[in-house]
Amino acid sequence: MTGPELFLALGAVVTLLGAVRLLTTPDSMRRVVALNVTGAGTLLILVSLSATGPGEPDPVLQALALTGIVITISVTGLALVLVRRIEDGDDDD
Amino acid sequence: MILDVLTVLLVTAGCLFVTAGTVGLLRFGDLLQRLHALTKADNLGLGLIVLGLVLQTSNPAVAVKLVLLWVLALLAAATNSALLARDAELTGEHR
Amino acid sequence: MSWETVLDVLLATSVLGVAVATLFAPRRTSSVMLFLVLGLLLVLVWTRLGAPDVALAEAAIASGVTGALLVSALTRRSAAGSAETPRGGWRSAAAELAVAGTGGVLLGGVLVGAARDGLRPDRLGDLALDVDGVVDQPVTTVLLDLRALDTLLEVAVLAAAVLAALAVHREGESSIGIRSDTRPVLVSFVRLTTPVVLLLTGWFLVAGSSRPGGAFQAGAVLAGAALLLLLTGRKDLVPTGRWLRPAVVLGLAVFLAAAVLTRLVEGGWLDLPASWGVAVVLVVETALVVSIAAGLTVLVALSRPRYVDATTSTETLGGAAPSDPPRRQTEELT
Amino acid sequence: MHAFFLVAATVLALNIVASSVRILRGPTTRDRTTAMLLLSTTGAAVLVLLAEVASSPALRDTALALVALSAVIVAARISAERAPR
């Protein structure tokens, strides 16, 4: 098993771990973290795929990974603001 | 050749210092002792590694960048550990 | 077995271990901090996979700014209220691990098998390299020349997220409190590092055309500097108040203007001519950097815990006396 | 030289894994923040070594970004800690 293949398999495991935890954890903040872990697993799959096979790494897949990173932080930021709103709202009720 | 030997020595020493810092972080009993391990051992380790790598490069821009990295790390570690230690002292958390 | 393999196996094992620890750590704080370790390990993984672009983006955005977001959003008050430990204890955690582990190994096997059989995506990148780009770094060429629309939409998503966050926040209160901390050590640190960070921002921006780097990386670093300035109460140097929303949408606006301009002059949307294409790219990227930095800073500031009364404190810090009360003040951000 | 830098990088990566134990165990948030500070320094050291191995200068930029932003993270954490909860 080559390096990229190892990380490809790892990416699959990390994605599923994150996804399962995303569905089962009761704490909203940790759901955001689980979402990020799932995203990291997906990136692992993408970047390892770009590195498998001969020749230079595929720039399109790497550019997709960059897009993924940017979208993830937008979603994370908004999610955290919502979490903050929900939790701060608790003591107003 | 001499430069290579020096690099090996410096980087090895750097790794040893970083490892010492990690051991300190894991083994020391309270926060202030751990900060002590971190600020001295680890930054000295990074400094030695950076110095070892500077010897390998002929490009002054790379050397400047490496040294800049070390200075930034030193500043960050010094500031943040001072803040961490001061708060720990104020709140008695190190007890 | 070569040392490369040793390093790869060590990295893979520790990524797996840290991911599991992140997901199942008993406390919120450990979970978030372990996620940052995961980010650091992933930076190393990307370098091993020959993707310095992704490594830089991971260090600056996915680990750096996300870390600042998560770490400053952490509160212990709410942690006491909501369930800290998994509902079913370790038993359900073990069940989840088993399910996800089995599924992951199966999926991983399928993916590796598919990759070995050559059932991988076509090398679109080869097409990208054939096109004459204005800049000659492959990933930037892909991002700017072929997928300019993609970059445009990324910025649009970020701007939408920031505007939504501002709207959600404004519903309840009219201002955002960010606590300033003007201890001399921190202030002089910020004074020393801000020029260096600005230099780094400029470097990432310019470097993007010939090597990894670009608007988002530069924006993330600039957001870091803006955050440090805000933390030490220097809101005069950071666009706040009524300049905030314009700053957030500036990048999007300039990008669209460039698209219209090229349509009118060259006859194709974002069809950059060789003669002044580089200048357009630099202007657009600079505007993007400003917008991205402003957007990320707003997100971090908004997700920080609200300025709450000391009476709601549930965490005892051994009689944590607030030191130097005059130095603490709430800064209005909006 | 290549192999030597790789070995050094591996040793430092082991250090990163070991330090994450302190993050898991705490006991206080400040201990975890301290460990984060140590990790970013070690991570930067690994990156400059790997930059030499892969002869990829961009990794030095990555190390700089890592150190700069981890300083921001720690500063943000410390000042958030001082906020009354």
Side-chain angles (χ1 to χ4, degrees), chain A residues 3-10 12-18 20-21 24-30 33-34 36-37 40 43-45 47-53 57-63 65-67 69-78 80-85 87-91, chain C residues 8 12 15-16 19-20 22-23 28 31-32 35 38 42 45-46 48-51 53-54 57 61-62 65-66 69 73 78 82-83 87 96 99-101 103-105 107-108 111-112 115 120 123-125 128 138-139 142-143 147 150 154 157-158 161 164-165 168-169 216 299 302-303 306 312:
Chain A
E5 283 175 357
L6 176 67
F7 289 119
L8 184 56
L10 175 70
V13 175
V14 171
T15 307
L16 279 197
L17 276 173
V20 167
R21 202 65 189 130
T24 55
T25 186
D27 181 8
S28 47
M29 179 116 182
R30 304 187 59 171
V33 174
N36 272 281
V37 173
L43 289 185
L44 264 172
I45 293 177
V47 178
S48 328
L49 272 181
S50 87
T52 52
D58 188 339
V60 169
L61 285 180
Q62 291 192 7
L66 291 183
T67 305
I69 288 178
V70 172
I71 302 301
T72 309
I73 194 172
S74 308
V75 170
T76 307
L78 183 55
L80 284 177
V81 174
L82 289 173
V83 169
R84 173 84 5 255
R85 189 88 176 93
E87 292 188 348
D88 280 352
D90 278 352
D91 41 323
Chain C
D8 282 352
V15 164
L16 185 60
V20 171
T22 305
L23 294 170
R28 259 185 184 190
S31 179
V32 164
F35 177 72
L38 183 66
L42 284 176
V45 170
W46 306 142
R48 294 293 308 141
L49 286 170
D53 288 277
V54 188
I61 307 169
V65 178
T66 309
L69 264 170
S78 52
S82 62
R87 248 178 309 209
E96 284 168 28
V99 169
V105 168
L107 178 62
L111 283 173
V112 170
R120 39 201 298 284
R123 291 188 57 89
L124 298 164
V139 179
V142 170
L143 282 176
R147 294 176 52 235
D150 175 87
E154 280 170 22
V157 168
L158 181 64
V168 167
H169 205 270
F216 275 96
L299 286 178
L302 287 184
S303 59
R306 198 181 51 177
T312 56

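Note on naming: letters A, B, ... go to the chains in the order of the sequence lines (proteins, then strands), and numbering restarts at 1 for each one.
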Is any side-chain heavy atom of A:Leu16 closer than 4.5 Å to a side-chain heavy atom of C:Val105? no

Taking the side chain as every heavy atom from C-beta outward, state whether A:Leu43 and C:Trp46 have any pair of such atoms under 4.5 Å apart. yes

Any idea which heavy atoms bring [X] and [Y] closest together, and the distance?
{"X": "A:Phe7", "Y": "C:Asp8", "value": "CZ-O, 3.8 Å"}
{"X": "C:Gly104", "Y": "A:Ala12", "value": "O-CB, 3.5 Å"}
{"X": "A:Ser28", "Y": "C:Arg28", "value": "OG-NH2, 4.3 Å"}
{"X": "C:Leu158", "Y": "A:Ser74", "value": "CD1-OG, 3.4 Å"}
{"X": "A:Pro4", "Y": "C:Leu49", "value": "CA-CD2, 3.8 Å"}
{"X": "C:Leu23", "Y": "A:Arg21", "value": "O-NE, 2.7 Å"}

Segment of C:Leu42 engaging chain A (4.5 angstrom heavy-atom cut-off): side chain

Heavy-atom contact with chain A under 4.5 Å, split by part of C:Leu69: both

Let me know if A:Ala65 has heavy atoms under 4.5 Å from chain C in its side chain, its backbone, both or neither. side chain

Checking A:Leu10 against chain C: side chain, backbone, both or neither under 4.5 Å from a heavy atom? side chain

In sequence, state the C-alpha distance, the side-chain angles, and the governing distance for A:Arg84 and C:Leu302, and then conclude on side-chain contact (heavy atoms from CB on, under 4.5 Å). CA-CA 8 Å; A:Arg84 173 84 5 255; C:Leu302 287 184; over 6 Å; no

I'd like to know which of C:Ala62, C:Ala19, C:Ser31 tops the heavy-atom pair count under 4.5 Å against chain A. C:Ser31

Can you tell me which residue among A:Leu82, A:Val83, A:Leu80, A:Thr76 is in a side-chain contact (heavy atoms from CB on, under 4.5 Å) with C:Ser303? A:Leu80

Could you give me the CA-CA distance, side-chain angles and deciding distance for C:Phe35 and A:Asn36, then say whether side-chain contact (heavy atoms from CB on, under 4.5 Å) is met? CA-CA 9 Å; C:Phe35 177 72; A:Asn36 272 281; 3.3 Å; yes

Check the pair A:Ile69 / C:Phe216 against side-chain contact (heavy atoms from CB on, under 4.5 Å), numbers first and verdict last. CA-CA 10 Å; A:Ile69 288 178; C:Phe216 275 96; over 6 Å; no

Counting heavy-atom pairs under 4.5 Å with chain C, the top scorer among A:Val75, A:Ile45, A:Ile71, A:Leu17 is A:Leu17

Starting at [atom1] of [X], measure out to [atom2] of [Y] and round the result to the nearest 0.5 Å.
{"X": "C:Arg48", "Y": "A:Ser48", "atom1": "CZ", "atom2": "OG", "result": "12.5 Å"}
{"X": "A:Ile73", "Y": "C:Leu299", "atom1": "CD1", "atom2": "CG", "result": "7.5 Å"}
{"X": "A:Leu44", "Y": "C:Leu111", "atom1": "CG", "atom2": "CG", "result": "11.5 Å"}

Please walk me through it: do A:Arg30 and C:Val32 pass side-chain contact (heavy atoms from CB on, under 4.5 Å)? CA-CA 8 Å; A:Arg30 304 187 59 171; C:Val32 164; over 6 Å; no

